[in-house]
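Beneath this line is the structure, given in structure tokens, with notes to follow.
Below, chains carry the letters A, B, ... as their sequence lines are ordered, and counting in each starts from 1.
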Amino acid sequence: MSQISLTFPDGNARDFDAGVTPAEVAESISKSLSKKAISATVNGAHWDMQWPITSDSSIAINTMQDDEPALELIRHDLAHIMARAVQEIWPDVKVTIGPVRDNGWFYDFDRQEPFTPEDLGAIEKRMKEIINARDAVRTELWTRDQVRQYYTDSGEPYKVEILDRIPEGEDIRMYWHGEWMDLCRGPHLQHTGQVPADAFKLMNVSAAYFLGDNTRPMLQRIYGVAFKNRDDLKKYLTFLEEAEKRDHRKLGREMDLFHMQEEAPGQVFWHPNGWTVYTALQDYMRRKQRAGGYLEINTPQVVDRKLWEASGHWEKYQHHMFVVEVDESRDGENDDASAKNKDHTRINALKPMNCPCHVQVFNQGLKSYRDLPLRLAEFGSCARFEPSGALHGIMRVRGFTQDDAHIFCTEDQIQAECARFIDFLANVYQELGFPEFEIRFATRPEKRVGSDESWDYVEGALENAIKAVGREYTLEPGDGAFYGPKLDFYLTDAIGRVWQCGTFQVDPNLPERLGASFIGQDGDRHRPFMLHRACLGSFERFIGILIENWEGKLPFWLAPRQVVVASIVSEADDYVNEVVAELTKAGVRAEADTRNEKINYKVREHSVGKVPVILAIGHREVEERTVTVRRLGEKQTSVTSLAEIVSSLGKDATPPDLL
RNA sequence: GCUGCUGUAGCUCAGAGGUAGAGCACUCCCUUGGUAAGGGAGAGGUCGAGAGUUCAAUUCUCUCCAGCAGCACCA
């Protein structure tokens with residue numbers, strides 16, 4: 001038998017018989033290592049302890065100390081153990097796939113009856129039994145026919161289909177423990193007992209299409225989470241609770257920011273508090289954009305279908321538009337608005353986006369190259385008929401307002417405009433409390449228009465722009481639009497969740513379709529490029545993110561109710577009103593609370609309402625013309641003179657761009 | 001849109017085939033109290049909408065609407 005040389009992480013090499021398995025290698029090193037080992041890394045590939053190594057290789061034996069392989073294996077093995085448990089309890093359930101995901105795994109089953117929470121408990125119990133049985137995990141390469149026979153005999157049509165999707169020439173491997181087999185490329189642990197029995201939890205069951213395809217049957221997906229130990233699991237469950245506490249729908253109600261109701265699904269009724277946040281944010285963005293060289297415009301809501309046909313949106317997206325049919329022959333007096341005189345009906349759509357309207361503004365008058373780059377911004381209210389199942393609080397809605405802008409420019413201005421936008425966005429995110437964000441660069445897709453040379457140029461311009469402002473990006477090859485590449489901006493919130501908000505997209509297509517042009521230096525007409533860009537995305541969604549990020553405790557300048565001045569005794573009422581008046585004069589949103597309630601009660605109520613500052617006024621303060629300051633989240637209070645607090649809160653109330 | 005679940009007072013939720021209950025919030029009264037709920041009284045509901053079964057439906061059945069979780073979708 002031929003010999004191969006295996007090189008260990010410490011640089012030492014040893015010879016073994018070809019076909020040696022990591023299990024044998026580990027055994028040759030020490031008994032304890034072979035017991036602890038969970039997998040190997042062979043030439044950088046994650047390698048099962050049972051797989052033979054046939055050529056000279058580098059090798060590292062992994063144990064539970066190695067986070068990445070450990071978590072991968074724990075979760076993947078749990079997927080198998082769960083599927084086995086399910087089939088042991090309900091033998092007629094059909095299995096499909098069960099990949100590792102985020103903090104755990106899921107497995108999709110086909111079963112007539114829905115799984116109940118009690119079922120999950122039973123499955124979990126059976127899983128623990130399987131783990132405690134310490135069943136050896138075995139694997140073998142099978143032929144395609146063997147596997148097909150096996151799954152045909154056992155009545156597993158989904159598995160047969162999955163088998164058929166494995167490309168010709170690839171190894172087909174079966175894994176099993178106990179009586180239970182699964183088609184799987186591995187690797188897996190050495191035995192089921194290597195899975196920590198107290199560090200996983202079945203979370204919920206929901207529906208998912210087979211292979212993610214909405215024309216295929218709906219399956220039941222059971223989600224589980226798993227970690228290396230019980231503490232990590234606990235930490236994760238605490239994180240979930242934390243996220244739940246921040247839910248903007250809950251906080252929106254508690255802080256009286258907005259509500260939604262049946263008659264207007266997916267649309268927001270902003271209350272005074274919420275609208276204060278909204279307008280503060282919008283005023284801020286308006287100033288930033290003005291300073292950033294944008295010209296603000298406003299365009300119509302109800303636009304004839306003709307424009308959407310011209311832009312190409314009607315063809316592709318009409319089912320996602322709110323269509324408004326109007327009988328224009330109505331006399332305007334005793335008409336029935338729903339009556340349709342087909343000969344005089346005009347079909348409009350509520351605008352789902354602003355771009356075509358912006359091109360209309362650009363198209364007015366003759367544009368010169370001297371006008372470029374022309375940056376047209378709009379807080380554009382859009383309506384999209386989102387599928388009912390997509391709606392989510394104010395995060396995903398049917399009526400929303402984008403902080404939209406379109407930059408009309410020449411090809412050689414793209415890079416500078418892109419760099420300029422990244423800086424703009426970075427500054428805004430910073431000021432709004434999101435110092436960290438990630439850029440994802442989506443490049444040319446398979447199906448596209450335009451020459452390779454122009455794609456080369458435009459992609460190069462974006463890449464250079466990112467470099468010019470000293471930032472990194474991750475590449476998403478093939479994810480661009482059919483007409484141009486784009487950048488998506490993902491910010492990270494206070495508990496580490498990432499949200500896509502900003503976008504920057506290069507579009508030579510729409511100017512073409514809608515006939516935009518400018519007169520160049522050469523006196524000829526040229527096509528401008530159009531750069532779509534948004535920083536917040538939509539105000540609705542961004543405010544949702546702000547609420548969740550700050551757990552409702554918005555920065556002072558954004559807080560809807562900034563200060564409550566609370567009386568302790570009613571003799572203080574006049575002075576309370578005076579303090580409120582002074583604060584109001586200084587630009588602070590202050591209100592008086594002179595209700596006949598104890599100070600404890602008022603403090604509690606306004607704390608729950610996330611008011612950042614409570615000023616308490618009793619006899620002492622009236623006498624000394626001071627206030628007692630209590631900041632949200634602090635138990636400590638401090639006494640300050642009226643003049644001082646007015647000036648310091650006045651400063652706090654100033655938006656970051658005006659400091 | 002799909003699968004499952006849910007819909008009872010402003011909010012959070014209990015309840016039962018014979019037309020409803022709690023806590024908080026609200027209104028009024030007492031209380032002027034020094035930093036996260038002072039006491040008392042009162043008012044408040046076509047039980048998501050429609051249809052069916054029944055002597056009787058908010059309760060059971062069906063349809064619709066909306067919400068929640070996930071999937072699919074997100075120009």
(Q) Nearest heavy atom decides the nucleotide; on that basis, is A/Val608 or A/His313 closer to the 5' end of RNA chain B? (A)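 The residue closer to the strand's 5' end, by nearest nucleotide, is A/Val608.
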Q | Pairwise 5' ranking along RNA chain B for A/Thr637 and A/Ser388, keeping only the more 5' one | A | A/Ser388
Out of [options], which has the shortest distance to the side chain of [X]?
X        : options                : result
A/Tyr601 : B/rG38, B/rG67, B/rU35 : B/rG38
A/Pro114 : B/rA37, B/rA66, B/rG4  : B/rG4
A/Arg396 : B/rC74, B/rA37, B/rG1  : B/rC74

Across the strands shown, which category fits [X] at heavy-atom distances under 4.0 angstrom: base, sugar-phosphate, nothing?
X        : answer
A/Arg253 : sugar-phosphate
A/Arg630 : base
A/Ala207 : base
A/Arg216 : nothing
A/Lys602 : nothing
A/Gly212 : sugar-phosphate

Q) With under 30° as parallel and over 60° as perpendicular, where do the rings of A/Phe542 and A/Phe434 fit, or are they tilted in between? A) perpendicular
Q.
Within 45 degrees of the ring normal and closer than 6.0 Å to the centroid, is that where the cationic atom of A/Arg75 sits relative to A/Phe227?
A. yes
Q. Would you call A/Arg533-A/Glu417 a salt bridge at under 4.0 Å N-O?
A. no
Q | Whole-Å P distance, B/rU63 and B/rA22 | A |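 It works out to 36 Å between them.
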Q) Between A/Phe258 and A/Phe269, is the ring centre distance below 6.0 Å? A)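 That pair fails the under 6.0 Å test.
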